[in-house]
Amino acid sequence: MGTDYILKGHVLSFTASPFAAEQPQDAARLLDAVAVQNGKVAGAGPLAEMQALLPAAETVDHSGKLIMAGFVDAHVHYPQTAIIASWGKRLIDWLNSYTFPEEMRFGDRAYADGIANRYLDLTAAHGTTTVCSYCTIHPESVDAFFTAAQSRGQRVVAGKTCMDRNAPEELRDTAQSAYDDSDALIGRWHGVDRLEYAITPRFSPTSTPEQLEAMGALWGKHPECLMQTHLSEQIDEIDWVRSLFPQARDYLDTYEEFGLLGARGLYGHAIHLEERERHRLRDYGAALIHCPTSNTFIGSGLFDMAGLMAEGQRIGLATDTGGGSSFSMLRTMAAAYEIGQLRGTPLHAAQLLWLATQGSATALRMEAKIGNIARGMEADLVVLDLASAPAIAQRSARAGDLWEAVFPTIMMGDDRAISEVWIGGRPV
């Protein structure tokens with residue numbers, strides 16, 4: 001096969017955020033075809049124009065299906081792949097009962113390689129083309145994940161998780177070793193092919209002030225990197241942070257004090273925020289990552305999407321596997337809709353699709369590269385079958401427009417709805 005393609009179908013391209021538009025659907029265009037050349041989008045528009053643009057291109061017919069940017073999952077734990085859907089625990093018990101015992105296995109490079117490839121197979125099958133992942137404390141876990149992604153030509157973000165207290169001894173590093181290992185991994189992987197590094201203190205309770213200070217210094221040395229951590233996921237977690245950092249004004253202050261608040265910061269969950277925290281996050285342009293299946297599965301709370309968006313916060317969407325209960329961004333969108341309903345602010349299909357693509361790409365500061373179909377963007381694409389199962393087909397057949405047709409797939413779709421996935425301009 002050559003490198004030039006034209007995909008024909010219902011092509012979705014966003015021109016703005018649906019949260020900022022008078023009507024959410026006004027922020028999107030529906031086009032007839034997208035042209036792909038050398039791994040990038042060469043154009044999108046009428047089929048005849050795309051065929052004139054790339055006269056030698058192979059045309060791939062996806063008539064009746066929705067062609068859009070591949071899903072961008074902004075907060076995951078690939079090492080938790082094998083323990084997804086484990087029963088009955090809240091956050092702290094989840095970590096001690098399930099997460100930490102599993103993460104101990106990732107010093108074995110062969111085991112890490114196996115899980116990394118399994119994880120990327122599973123997510124690609126669900127239409128996800130970019131993820132931002134925590135690894136474990138082991139540099140081998142980072143090498144395994146980046147090697148697997150690199151072999152697929154995939155754009156991903158990842159980082160070594162740093163913990164020097166309140167974790168099993170086998171999963172603790174030190175302030176100095178966390179700095180040194182992370183610094184070496186940045187030198188080895190950041191900016192290589194489509195790979196980016198995220199400095200990764202797990203969360204304040206598992207890092208001493210000395211380690212948080214070291215991570216802040218590392219971010220100061222490498223401001224081009226993202227920094228990912230967790231924030232205000234559960235009430236008892238916040239109480240724990242308060243007991244560990246009695247001088248801090250609030251949870252966010254435990255990061256801010258050590259140089260870990262910034263525009264390239266990713267703060268997972270952010271459910272129970274105080275007013276000062278909301279102001280500081282917005283002022284810095286930091287990103288909040290909404291993890292709805294995780295928030296319901298481990299009983300964390302209801303994210304305030306409408307209120308935070310109205311404040312001008314930068315928000316991405318994520319599965320948070322394995323605390324999240326699905327590898328699917330479709331299921332994640334459905335959960336975000338359900339949480340919105342519980343808060344009295346249901347999300348439109350255009351808003352959900354934007355969150356899972358351009359919204360998450362914006363959170364990762366990659367909105368110029370991925371998360372949309374527009375000329376010059378990297379050609380990571382997903383093709384959705386809007387009639388993938390009988391229950392979905394019978395509902396979408398009654399739709400009055402494309403938004404009504406795609407909504408049943410958001411709410412009920414699974415990997416059967418993923419007709420085709422393209423990464424870097426090639427079908428997977």
Side-chain angles (χ1 to χ4, degrees), residues 1 3-14 28-29 31 33-44 50 54 57-58 60 62 65-76 78 117 119-133 145-146 148-158 191-196 226 316-319 327-330 332-333 352-385 415 417-428:
M1 300 176 75
T3 60
D4 295 0
Y5 304 93
I6 294 168
L7 281 68
K8 172 188 173 185
H10 300 299
V11 177
L12 175 63
S13 177
F14 287 105
R29 296 184 301 160
L31 307 168
V34 54
V36 175
Q37 184 175 45
N38 297 327
K40 294 194 174 182
V41 174
M50 296 303 100
L54 298 179
E58 174 186 347
V60 183
H62 289 297
K65 298 177 181 177
L66 181 65
I67 304 167
M68 58 179 291
F71 299 134
V72 179
D73 193 343
H75 179 111
V76 309
Y78 98 82
N117 280 289
Y119 174 80
L120 291 175
D121 286 344
L122 286 166
T123 50
H126 285 283
T128 298
T129 54
T130 290
V131 299
C132 183
S133 185
F145 188 74
F146 278 141
Q150 186 180 41
S151 71
R152 300 158 189 254
Q154 197 162 357
R155 180 167 291 286
V156 301
V157 186
V192 174
D193 296 331
R194 302 181 74 199
L195 312 175
E196 294 194 18
L226 293 162
L317 190 66
T319 62
F327 296 102
S328 169
M329 288 295 282
L330 289 173
T332 301
M333 285 182 261
L352 293 165
L353 294 173
W354 182 88
L355 280 168
T357 54
Q358 188 68 178
S360 285
T362 300
L364 300 180
R365 299 286 175 167
M366 294 180 180
E367 66 271 27
K369 298 176 181 177
I370 59 170
N372 201 10
I373 292 180
R375 182 176 176 83
M377 302 284 283
E378 295 170 0
D380 293 343
L381 309 170
V382 63
V383 182
L384 295 182
D385 179 355
D415 56 338
I418 309 302
S419 181
E420 198 165 72
V421 178
W422 291 58
I423 291 177
R426 293 277 190 170
V428 175

Can you measure from [atom1] ([X]) to [atom2] ([Y]) and round to the nearest 0.5 angstrom?
X     : Y      : atom1 : atom2 : answer
His75 : Leu364 : NE2   : CG    : 12.0 Å
Phe71 : Thr129 : CZ    : OG1   : 9.0 Å
Ser13 : Gln358 : OG    : CD    : 9.0 Å

Using the side-chain contact (heavy atoms from CB on, under 4.5 Å) criterion, which residues pair with Val428? Sequence neighbours excluded.
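Residues passing side-chain contact (heavy atoms from CB on, under 4.5 Å) with Val428: Val421, Ile423.
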Applying salt bridge (charged side-chain N to carboxylate O under 4.0 Å, His left out), name anything that partners [X], two or more places apart in sequence or on another chain.
X      : result
Asp380 : Arg194
Lys8   : none
Asp415 : none

Does the [X] side chain pair with the main chain of [Y], one donor and one acceptor, at a distance under 3.5 Å?
X      : Y      : result
Thr128 : Val72  : no
Glu378 : Gly424 : no
Asn372 : Phe14  : yes

Given Thr332 and Asp73, is the side chain to side chain contact (heavy atoms under 4.5 Å, CB included) satisfied, shown in steps?
CA-CA 10 Å; Thr332 301; Asp73 193 343; over 6 Å; no
Quick one: ring pair (Phe, Tyr, Trp, His ring centres under 6.0 Å) partners of Phe145, sequence neighbours excluded?
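Counting only residues at least two positions away or on another chain, Phe145 forms a ring pair (Phe, Tyr, Trp, His ring centres under 6.0 Å) with Tyr78.
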Just one of Leu7, Leu31, Ile67 clears the side chain to side chain contact (heavy atoms under 4.5 Å, CB included) bar with Ile373, so which one?
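Checked Leu7, Leu31, Ile67 against Ile373; only one passes side chain to side chain contact (heavy atoms under 4.5 Å, CB included): Ile67.
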Inter- and intrachain pairs under side chain to side chain donor-acceptor pair (under 3.5 Å), touching residues 361-371, at least two apart:
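Found none.
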So which atom in Ala69 and which in Val382 form the shortest heavy-atom distance, rounded to 0.1 Å?
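Minimum heavy-atom contact is O-CG1, 3.4 Å.
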Taking all heavy atoms of Gly376 and all of Lys40, pick out the closest pair and write down the distance.
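Reported closest heavy-atom pair: O-CD, 3.7 Å.
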Verify salt bridge (Lys or Arg N to Asp or Glu O under 4.0 Å) between Arg152 and Asp193, making sure each step is shown before the conclusion.
CA-CA 11 Å; Arg152 300 158 189 254; Asp193 296 331; over 6 Å; no
Decide side chain to side chain contact (heavy atoms under 4.5 Å, CB included) for Ser328 and Thr319; before the verdict, give the C-alpha distance in whole Å, the side-chain angles of both, and the deciding distance to 0.1 Å.
CA-CA 7 Å; Ser328 169; Thr319 62; over 6 Å; no
